[in-house]
Structures are given as structure tokens and as C-alpha cells.
Chemist: 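I'd like to ask some things about the structure below.
Positions are given from 1, in the same order as the sequence printed here. These values consider heavy atoms only, across backbone and side chains, with no hydrogens, waters or symmetry-generated copies. Remember, it's 1-based here, ligands and their atoms both numbered in the order they're listed.
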Amino acid sequence: MRASLRCLQQRLAQRPNSTSFIGLGRMGSEMAYNLFSKQLAVKQESRFVVCDALPAAAAAFRQSFTATFPGCDIEIAATPEEATLASELIVTMLPSSTHVDAVYNGNETGGIIPTLRGLPPALARTTVCIDSTTLDVDVSRAVSASVIATGASMVDAPVSGGVTGAKAGTLAFLVGGTPDAFQAVQPILSLMGQRIVHCGPAGAGLGAKICNNLILGVQQVVVAEAMILGQKMGLDPAVLSSVIGSSTGACWSISVNNPVPTALPAASPPCERDYEGGFATVLMEKDMGLASDIASKTGTALPLGDAARRLYEEMIKQQPELARKDFSSVYRFLLNAN
Ligand code: NAD
């Protein structure tokens, strides 16, 4: 038997105990940390594989994980194909539609779907794909249908709760897929989150997520406006935030993601770190665009959503240094405009 064939057979034999995580960014690295550490606590022989377009991101994750779990070996897969050959469970957490399309359908490197097609049917059938990316519903449904056609199962499982929730393992997962697929992934998702909701068939999790972020995108803008207005009237930002936080204006953007430094003395939102970490403005602008696209297709008017989307677009154009910062930096943008 040729050495490479023997090696592939050994690798395929280890798939049932192995999990691959693709996309080790702000959210993915925290989610993978919780998933792997909790799987390890239950099953010592668990194997883990990580893959990222930036090899440094995968290497940094491996270094930080093995510093806490020295006996654990984390393999780095160079491509989604390698990650698919290695594991029966594949979780993806990527920026958006083009990245999901590339990882699943493959571009110059092998993707998940062509690799599943090349596997013996019995191995494809036991494969489970969970995509937690927030992306276009139609792209997600097409990817899901192609995965399912290989015999594997797939759910869309976008998240709510931000980097803080990812780190604490308290995310909400909004799941789209068949009832059987939901049942299969529920125990896995509960290792990374607290609330696991079956929203309906493929794409339904994303639909719920996009509606949620439409609200959030508008909310963060109006909180910035109110905080600027209040300070112009001489109000202390901590007092103002405390009043709004316990009144009818209470919301996540005021009580957790407050954009004004010192406004939440007991917390540490991104504004306390020059808006580093958190949810990048470009990702919020992308989510507002996803809502606009669905609104156009369904003939739905989004007067506030469209206004907020244009504001994020303008902010990225005028102050590109805010694009990768947390979207609460819209406060800084509006402050400069005042
Ligand atoms: P991020 O940009 O920090 O991370 C994405 C990672 O994917 C990066 O490490 C990138 O190198 C990697 N990647 C890109 N293309 C790849 C490819 N072809 N193959 C392998 N890896 C690839 O983004 P994030 O903040 O972690 O967000 C991920 C998703 O979660 C987005 O869809 C976002 O909208 C959603 N989300 C983010 C938050 C948040 O607070 N950050 C909250 C909820 C949902």
C-alpha cells in the first residue's frame, strides 16, 4: 500500500472523533476555544483541526489553546479540503457570502462540497456542517442544498451576542435547517451558546439574524445621537446612560455597547479600547446591506434601515480607519460631524 494512501485511510478513520473549525477571527477564535475545551472535557481522545485564510490566525489560536491544554494537539489545515477530510464535524465562521462560497464550493483550493462529493457515500453521510456566518440568505440556501445533495447535513446557525458572548459561551444561535439536522447540532451549539433556537428551514436562522441586526444598526446610531445631544445639554454621560438604561430607551447599545468612554463605569465596552475588538463597522454595513437586499426582493420599505446603512457607508468612506473598529465608533463619526 502506498504511504500516501495509507495516510489518507488513517486520517479518514479518525474523522468521527475530529472537529474542524474554519475562520478563526474575532468570533471564531472564541467559539472554537469554548467548543474544543468543552469537547475535550467530555472526550479526551477528541481531535481538533483549525483553518484560516491567514495562517497566522490559525497558528495564534493553536498557540493560545495549547498553552492552556498542553497535552492537546491542534492540527492546522491549509485548505477547507484538508479540514473536510480530517473531520466529521465542520464549523465555519467567515466574514460573508463570498468567503462562504469560496470555502464551500472551492476556488483555486479544494472546497468542502467537492471534497464531500469525492468521499465514500457512508463518510459523506455522517458529515455535519454548521455555518455561523451572517451572509446572504440565497447564497446560504444554495450552499446548504449542495452540501445536502452529497448526503451530509447542514444548518445555518448565525449568532447573536457579540465577541463578549462568544468568549463567555453565552451566544444565541438562530438555526435554519430540518428538524433532524437541528436535533443533531443542538448539543454541539450548546457548547458555545446558551440559547439555541430552531427558526425554521434552511435560511430561516439567517432571516432572523438579519432582522435583528437591522434593529441593532439603527439602535446604535440613535444612541450615539442621544449621547451627543445629552452632552451638549451638559448631562454627564454616565448619568445619562444610567437614566436611559432604566427607562423606556433601554437597549443593548446603551447598557452594553455604550459608545461614550466612561459612560459605563462598571463595564469595558469597545469605546474604552479606542473601539478595538467588538463588531467591525464593515460587518454592520454588510448586514444592513443584506437587509436592504431582502427588502428590495420582497418590496419592503426600510426608511430607518436605509438611512442608517447610508450613514455607515459614508462613515467608512470618509474615515476608513473606523471600518475595522467596533460599529459603536459611529459616535465618533457623528461627533466629528457636529
Ligand atoms: P473576522 O473578520 O474577525 O473573522 C473572519 C475570519 O475568517 C478571519 O480570520 C479571516 O481570515 C477568515 N477567513 C476569511 N476568508 C477565509 C477563507 N476563504 N478561508 C478561511 N478563513 C477565511 O469576523 P468576525 O467578527 O469573527 O465575524 C464573523 C462572522 O460573524 C461575520 O459574518 C459577522 O457578521 C458575524 N458576527 C460577528 C459578530 C461580532 O461581534 N464580531 C457578532 C455576531 C455575528
Side-chain angles (χ1 to χ4, degrees), residues 20-34 49-62 76-84 90-113 115 130-137 139-140 143 156-168 170-174 192-193 195 205-206 208-217 220 252-253 256-257 269-270 273 275-291 312 323-329:
S20 290
F21 205 110
I22 306 180
L24 284 305
R26 299 180 200 201
M27 294 292 286
S29 55
E30 304 294 352
M31 291 164 66
Y33 194 95
N34 276 317
V49 178
V50 289
C51 175
D52 196 286
L54 296 174
F61 177 84
R62 174 161 72 180
I76 295 181
T79 59
E81 177 185 22
E82 277 183 34
T84 308
I90 303 159
V91 185
T92 47
M93 188 51 159
L94 300 158
S96 196
S97 309
T98 50
H99 315 84
V100 169
D101 182 54
V103 163
Y104 279 83
N105 287 317
N107 39 28
E108 65 276 7
T109 61
I112 293 173
I113 294 166
T115 311
I130 300 174
D131 181 34
S132 283
T133 311
T134 307
L135 75 154
D136 180 87
V137 178
V139 173
S140 173
V143 163
D156 49 293
V159 301
S160 176
V163 176
T164 320
K167 198 179 178 94
T170 56
L171 290 171
F173 281 92
L174 314 173
M192 298 178 277
R195 225 172 140 246
L206 273 167
K209 169 69 185 171
I210 291 167
C211 290
N212 179 73
N213 275 26
L214 170 64
I215 295 173
L216 179 60
Q220 197 72 53
W252 187 83
S253 300
V256 179
N257 210 39
R273 301 181 296 280
Y275 301 94
E276 288 302 330
F279 186 45
T281 307
V282 276
L283 291 181
M284 177 48 88
E285 187 241 349
K286 174 227 11 166
D287 289 0
M288 301 301 280
L290 293 175
Y312 289 116
R324 293 301 304 168
K325 292 197 186 272
D326 184 76
F327 73 116
S328 60
S329 59

Chemist: Has Arg324 got any heavy atom lying under 4.0 angstrom from an atom of ligand 1?
Modeler: yes

Chemist: Can you tell me which residue and heavy atom of the protein come closest to atom 40 (O) of ligand 1, and the distance to 0.1 Å?
Modeler: Phe279 CB, 3.4 Å

Chemist: For Met93, counting its heavy atoms only, list the atoms of ligand 1 lying under 4.0 Å from any of them.
Modeler: 7 (O), 29 (C), 30 (O)

Chemist: Is it the side chain, the backbone, both or neither of Leu135 that has a heavy atom closer than 4.0 Å to ligand 1?
Modeler: neither

Chemist: Atom CG in Leu206, atom SG in Cys211: separation rounded to 0.5 Å?
Modeler: 11.0 Å

Chemist: Going through the distances and angles, do Val137 and Ile210 end up as a side chain to side chain contact (heavy atoms under 4.5 Å, CB included)?
Modeler: CA-CA 9 Å; Val137 178; Ile210 291 167; 3.9 Å; yes

Chemist: Closest non-hydrogen protein atom to atom 19 (N) of ligand 1, residue and atom name please, with distance?
Modeler: Val103 CG2, 3.5 Å

Chemist: So which protein heavy atom does atom 16 (C) of ligand 1 come closest to, and at what separation?
Modeler: Ala53 CB, 3.6 Å

Chemist: Starting from atom 11 (O) of ligand 1, locate the nearest protein heavy atom and write down its residue, its atom name and how far away it is, to 0.1 Å.
Modeler: Asp52 OD1, 2.6 Å

Chemist: Under 4.0 Å, heavy atoms only, figure out whether ligand 1 is touched by the backbone of Met284, its side chain, both or neither.
Modeler: neither

Chemist: Find all atoms of ligand 1 within a distance of less than 4.0 Å from any non-hydrogen atom belonging to Val159, and give their numbers and elements.
Modeler: 43 (C), 44 (C)

Chemist: If we ignore angles and hydrogens, is there a donor and acceptor under 3.5 Å between the side chains of Asp131 and Thr92?
Modeler: yes

Chemist: Does the N or O separation between Leu94 and ligand 1 drop below 3.5 Å for any pair?
Modeler: yes

Chemist: Give the atom numbers and elements of ligand 1 that come within less than 4.0 Å of a heavy atom of Leu54.
Modeler: 11 (O)

Chemist: Which atoms of ligand 1 have any heavy atom of Thr133 under 4.0 Å away?
Modeler: 32 (O)

Chemist: For Ser132 and ligand 1, does the shortest N/O to N/O distance drop below 3.5 Å?
Modeler: no

Chemist: Heavy atoms only: give me the nearest Asp156-Ser140 pair and the separation to one decimal.
Modeler: CB-OG, 3.8 Å

Chemist: Heavy atoms only, cut-off 4.0 Å: how does Pro95 contact ligand 1, side chain, backbone, both, or neither?
Modeler: both

Chemist: Assess Ala280 for proximity to ligand 1: is some non-hydrogen atom of it under 4.0 Å away?
Modeler: no

Chemist: Run the side chain to side chain donor-acceptor pair (under 3.5 Å) check on Gln220 and Ser328 step by step: do they pass?
Modeler: CA-CA 6 Å; Gln220 197 72 53; Ser328 60; 4.8 Å; no

Chemist: To the nearest 0.1 Å, how far is atom 4 (O) of ligand 1 from its closest protein heavy atom, and which atom is that?
Modeler: Gly25 CA, 3.2 Å

Chemist: Checking the N or O distance criterion of under 3.5 Å, is ligand 1 in contact with Met27?
Modeler: yes

Chemist: Kindly indicate, with the supporting measurements, whether the criterion side chain to side chain contact (heavy atoms under 4.5 Å, CB included) is fulfilled by Leu94 and Ser96.
Modeler: CA-CA 6 Å; Leu94 300 158; Ser96 196; over 6 Å; no

Chemist: Considering only the protein, which heavy-atom contact is closest to atom 35 (C) of ligand 1, and what is its distance?
Modeler: Thr134 OG1, 3.7 Å

Chemist: Parallel, tilted or perpendicular, judged at 30° and 60°: which one describes the rings of Trp252 and Phe327?
Modeler: parallel

Chemist: Provide the number and element of each atom of ligand 1 under 4.0 Å from a heavy atom of Lys286.
Modeler: 31 (C), 32 (O), 33 (C), 34 (O)

Chemist: Does the residue Gly278 have a heavy-atom contact with ligand 1, meaning some pair of atoms that are separated by less than 4.0 Å?
Modeler: yes

Chemist: Using distance alone, determine whether Arg26 and ligand 1 share an N or O pair under 3.5 Å.
Modeler: yes

Chemist: Any chance the side chains of Thr115 and Glu81 put a donor and an acceptor closer than 3.5 Å?
Modeler: no

Chemist: Considering only protein heavy atoms, which is closest to atom 23 (O) of ligand 1, and at what distance to one decimal place?
Modeler: Leu283 CD1, 3.8 Å

Chemist: Please state which protein non-hydrogen atom is closest to atom 15 (N) of ligand 1 and give its distance, to 0.1 Å?
Modeler: His99 CD2, 3.5 Å

Chemist: Test Ile112 against every option in Thr79, Ile90, Val143 by the side chain to side chain contact (heavy atoms under 4.5 Å, CB included) rule and name the one that passes.
Modeler: Ile90

Chemist: Within ligand 1, which atoms have a heavy atom of Lys209 less than 4.0 Å away?
Modeler: 43 (C), 44 (C)

Chemist: Could you tell me which atoms of ligand 1, counted from 1 in the order shown, lie closer than 4.0 angstrom to a heavy atom of Gly23?
Modeler: 7 (O)

Chemist: Considering the heavy atoms of Val163, write down every atom of ligand 1 situated less than 4.0 Å from one of them.
Modeler: 40 (O), 41 (N)

